[in-house]
Amino acid sequence: MSLQIFDTLAREKREFQPIAAEKIGMYVCGMTVYDRCHLGHGRVMVAFDAIVRYLRFRGFDVNYVRNITDVDDKIFARAAERGIDFSELTAEMIDAMHQDEKRLGCQSPNAEPRATSNIESMLKLIETLISKGAAYQGASGDVYFRVSAFSDYGKLNNRKLDDMIAGARVAVADDKESPADFVLWKSAKEGEESWPSQFGPGRPGWHIECSAMSMDALGETFDIHGGGPDLKFPHHENEIAQSEAATGCKFARYWMHAGAVRVNEEKMSKSLGNFVTLDTLFKEFHPEVIRFFLLQSHYRSAISFSDDALVQAEAAYGRLVQALPNELSAPSSDAIFEFQTLMDDDFNTPRAIALLFELASEGSAESASSIMAIGKVLGLFTSGKEAFFEQQQALKAEKSGLSDAAIDALITAREQARKDRDFGTADKIRDDLVAQGVVLEDGAGGTSWHRK
RNA sequence: GGCGCGUUGGCAGAGUGGUUAUGCAGCGGAUUGCAAAUCCGUGGACAUCGGUUCGAUUCCGGUACGCGCCUCCA
């Protein structure tokens, strides 16, 4: 049985064969830390976290590297707006990102190289590119990558250079040889944050950091390079050009891209302003529900976000948590085998989740343990059965105007009415509670309740 | 204009050349004072037009609609 991965560059599923038998080097483009993460960021984090977890379950020793872009115009602009130093802003956002990630049940990457700590390495790479004729310094002092020096330019996105220039919306700098050339080193203007270099004070262009840091961490050629859907072009195309032009070697062997999160048929994005931050969502829904919602779609498909979709996911996930075993025993080897078959086909998490439901309806102790075992590989059920429901109830209680004590008092009143066979009053109390999101359950041992 | 993706039942979302996806919701039943929860059962789909085929939702081609990238964005 072999693992198939859809490779963006090949535009088809390919059998996965790592460079070294048991080891995988994987680099994923991370966040530019100038603002809080939104659901689109969350999707990339969760998708690659599930992939890494599965690869590890599959026996691979994965070295998962995800960068932090902490040099960028948007960062400087936001810091200036807030009147703080840019490093203060990035420290705050990095911290927030780590919290969001943790709540989503993601394991930390093995390394998180930061652009500001790797400028030396980028300058070395730029130097190499210049010496090979693949880069040049313009009159403005900016250093550009010479796209014409890399004949494979456009291979990731299946584009021809001529077509790109023809429809160019690229800002044309006067000192560029070609509009498609992109900046490697940006010379500093008066008052801008800058780092010293042989090209004069300035800061790195966006793409060069990923080439430098990924190759530093994983070597000139490594196994998997991933990222969000909007990085395919130009970011990843440019990474390939820079890296391969510098080393003469193949850069990443498999390219993986997550699909977009959509809102009303449109991509969730900063520029459209239609994004929801994870932070906001966590106030409405348990983080595990968000993760489950994300995993319910295949990592490459577009996923439609709506409040209703999350409510559906919440109901579905709750059923699975309910089916979790009270005492863990050995999972069914058949179930585990099936899970592996499904995931081996380009990480089919929606199908794996369907398997979870099939196991839930079996209802045996073994199937319950299988749910737990499989869920663990997907990074689900991390809170455990009781804690999950407790946390979820606490979340809902916070939004509710009705205190636990008030609910208990109403239930006591209803109990009395029921004893008096005054079902009209009893039902009225119950209906009022339902209207306020409180559901009663009359059991043998009395009435229990939960918030919905 | 270039490159690419999608269109599956009320909604979400997999997959397959001929056989049940799965979930949420709905409906019927068991249960309940009535409910809730649970359990059992159940209806409902493959945008459109052609082609290939014994047979296509699944392969090929056209059409329509939607979406993404081509500028910062995960």
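Residue numbering restarts at 1 for every chain, and letters A, B, ... go by the order of the sequence lines.
- Using a 4.0 Å heavy-atom distance criterion, A/His257 is classed as making no nucleic acid contact.
- The CG atom of A/Leu156 sits 13 Å away from the P atom of B/C70 (whole-angstrom rounding).
- Between B/G41 and B/C24, the distance separating the two P atoms is 15 Å to the nearest Å.
- An OP1 or OP2 oxygen of B/G4 is reached within less than 4.0 angstrom by no side-chain nitrogen or oxygen of A/Asn157.
- If you check every strand for non-hydrogen atoms under 4.0 Å, A/Val261 touches a base.
- When the P atom of B/U71 is taken as reference, atom NE2 of A/His235 falls 15 Å away, rounded to whole Å.
- Remark: C1' of B/A74 and NZ of A/Lys74 are 12 Å apart, rounded to the nearest angstrom.
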* Asked: Which dot-bracket string describes RNA chain B (Watson-Crick N1-N3 plus N6-O4 or O6-N4, or G-U N1-O2 and O6-N3, all under 3.5 Å; [ ] crossing; | other strand)?
  -> (((((((..(((.....[...))).(((((.......)))))....(((((..]....))))))))))))....

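- A/Leu440 comes within contact range of at least one nucleobase, with a heavy-atom separation under 4.0 Å.
- One interatomic measurement links the two molecules: CZ of A/Arg11 to P of B/C5, which rounds to 9 Å at whole-angstrom precision.
- Although no hydrogens or angles enter the test, the distance criterion places a donor-acceptor pair under 3.5 Å between the side chain of A/Asn274 and the main chain of A/Lys267.
- If you find the closest nucleotide of RNA chain B to A/Ser301 and to A/Glu441, the one lying nearer the 5' end belongs to A/Ser301.
- Using a 3.5 Å distance cut-off with no hydrogens or angles, the side chains of A/Gln392 and A/Glu314 do pair a donor with an acceptor.
- Each of B/C24, B/A74, B/A36 was ranked by its minimum atom distance to the side chain of A/Arg319; first place goes to B/C24.
- Side-chain contact of A/Asp345 with A/Gln4: a donor-acceptor pair under 3.5 Å is absent, judged by distance alone.
- Using a 4.0 Å heavy-atom cutoff across all strands shown, A/Gly443 reaches no nucleic acid atom at all.
- For the pair A/Arg66 and A/Tyr27, the cation does not sit on the ring face, since its NZ or CZ is not both under 6.0 Å from the ring centre and inside 45° of the axis.
- A donor-acceptor pair under 3.5 Å is absent between the side-chain atoms of A/Asp279 and the main chain of A/Asp100, judged by distance alone.
- Nearest nucleotide to the A/Ala354 side chain, out of B/G15, B/C69, B/A21: B/A21.
- For the C1' atoms, the distance from B/G26 to B/C11 is 12 Å, rounded to whole Å.
- On the P atoms, B/C40 is 15 Å away from B/A25, given to the nearest whole Å.
- Taking the six-membered ring for Trp and the full ring otherwise, the centers of A/Tyr317 and A/Phe285 sit at least 6.0 Å from each other.
- Listed pair A/Trp449 / B/A37 fails the phosphate criterion, with no side-chain N or O lying under 4.0 Å from OP1 or OP2.
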Could I get a table of every N or O pair under 3.5 Å where one atom is in the protein and the other is in nucleotides 30-33 of chain B?
unit_1	atom_1	unit_2	atom_2	d
B/G33	N7	A/Arg418	NH2	3.4
B/G33	O6	A/Arg414	NH2	3.4
B/G33	O6	A/Arg418	NE	3.1
B/G33	N1	A/Asp427	OD1	3.0
B/G33	N2	A/Asp427	OD1	3.4
B/G33	N2	A/Asp427	OD2	2.7

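- Ring centers of A/Phe388 and A/Phe381: at least 6.0 Å apart, outside the cut-off.
- A donor atom on one side chain and an acceptor atom on the other are not found under 3.5 Å apart for A/Ser211 and A/Glu239.
- Remark: the separation of the C1' atoms in B/U57 and B/U16 is 9 Å, to the nearest Å.
- With both ends at atom P, the span from B/C69 to B/U63 equals 24 Å, rounded to whole Å.
- Backbone-only engagement by A/Lys452 is indicated by non-hydrogen atom pairs under 4.0 Å involving sugar-phosphate atoms exclusively.
- Residue A/Gly227 is classed as a sugar-phosphate contact, given heavy-atom separations below 4.0 Å to backbone atoms only.
- In this structure, A/Ser332 contributes its side chain and A/Glu366 its backbone to no donor-acceptor pair below 3.5 Å.
- A/Lys160 places its NZ atom 9 Å from the C1' atom of B/C3, with the value rounded to the nearest Å.
- Not a single donor-acceptor pair under 3.5 Å links the side chain of A/Asp346 to the backbone N or O of A/Ile5.
- Taking the C1' atoms as reference points, B/G17 lies 44 Å from B/U71, given to the whole Å.
- If you look at A/His225 and A/Phe251, their ring centroids are closer than 6.0 Å.
- The nearest whole Å value for the distance from the NZ atom in A/Lys270 to the C1' atom in B/C72 is 11 Å.
- Comparing A/Ser361 and A/Ala315 by the nucleotide of RNA chain B that holds the closest heavy atom to each, the one mapping nearer the 5' end is A/Ala315.
- Ring pair A/Tyr54/A/Phe57 is tilted by interplanar angle, where 30° to 60° counts as tilted.
- Counting to the nearest Å, the C1' atom of B/C70 and the CG atom of A/Asp181 are 17 Å from each other.
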I'd like a list of close polar pairs between nucleotides 8-12 of chain B and the protein, N/O only, cut-off under 3.5 Å.
unit_1	atom_1	unit_2	atom_2	d
B/C11	O2	A/Gln312	OE1	3.4
B/C11	O2	A/Gln312	NE2	3.3

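- A sub-4.0 Å separation between OP1 or OP2 of B/G4 and a side-chain N or O of A/Thr8 is absent.
- For the pair A/Ser306 (side chain) and A/Ala309 (backbone), a donor-acceptor distance under 3.5 Å is present.
- Annotation: B/G13 and B/G18 have their C1' atoms spaced 24 Å apart (nearest Å).
- Checked by atom type, the side-chain pair A/Asp420/A/Gln416 shows a donor-acceptor distance below 3.5 Å.
- Residue A/Arg159 places a side-chain atom within donor-acceptor reach of the base of B/C69, judged by atom type and a 3.5 Å distance cut-off alone.
- Ring centroid separation for the pair A/His207 and A/His236 does not come in under the 6.0 Å cut-off.
- Here B/A36 presents its P atom at 17 Å from CD of A/Gln322, a figure rounded to the nearest Å.
- Contact between the side-chain N/O atoms of A/Asn158 and the OP1/OP2 oxygens of B/G4 is found at a separation under 4.0 Å.
- Contact annotation: A/Lys232 side-chain N/O to B/C70 OP1/OP2 distance is not under 4.0 Å.
- For the C1' atom pair drawn from B/G68 and B/U48, the interatomic distance equals 23 Å after rounding to whole Å.
- Across all strands shown, A/Glu314 has no heavy atoms under 4.0 Å from either base or sugar-phosphate atoms.
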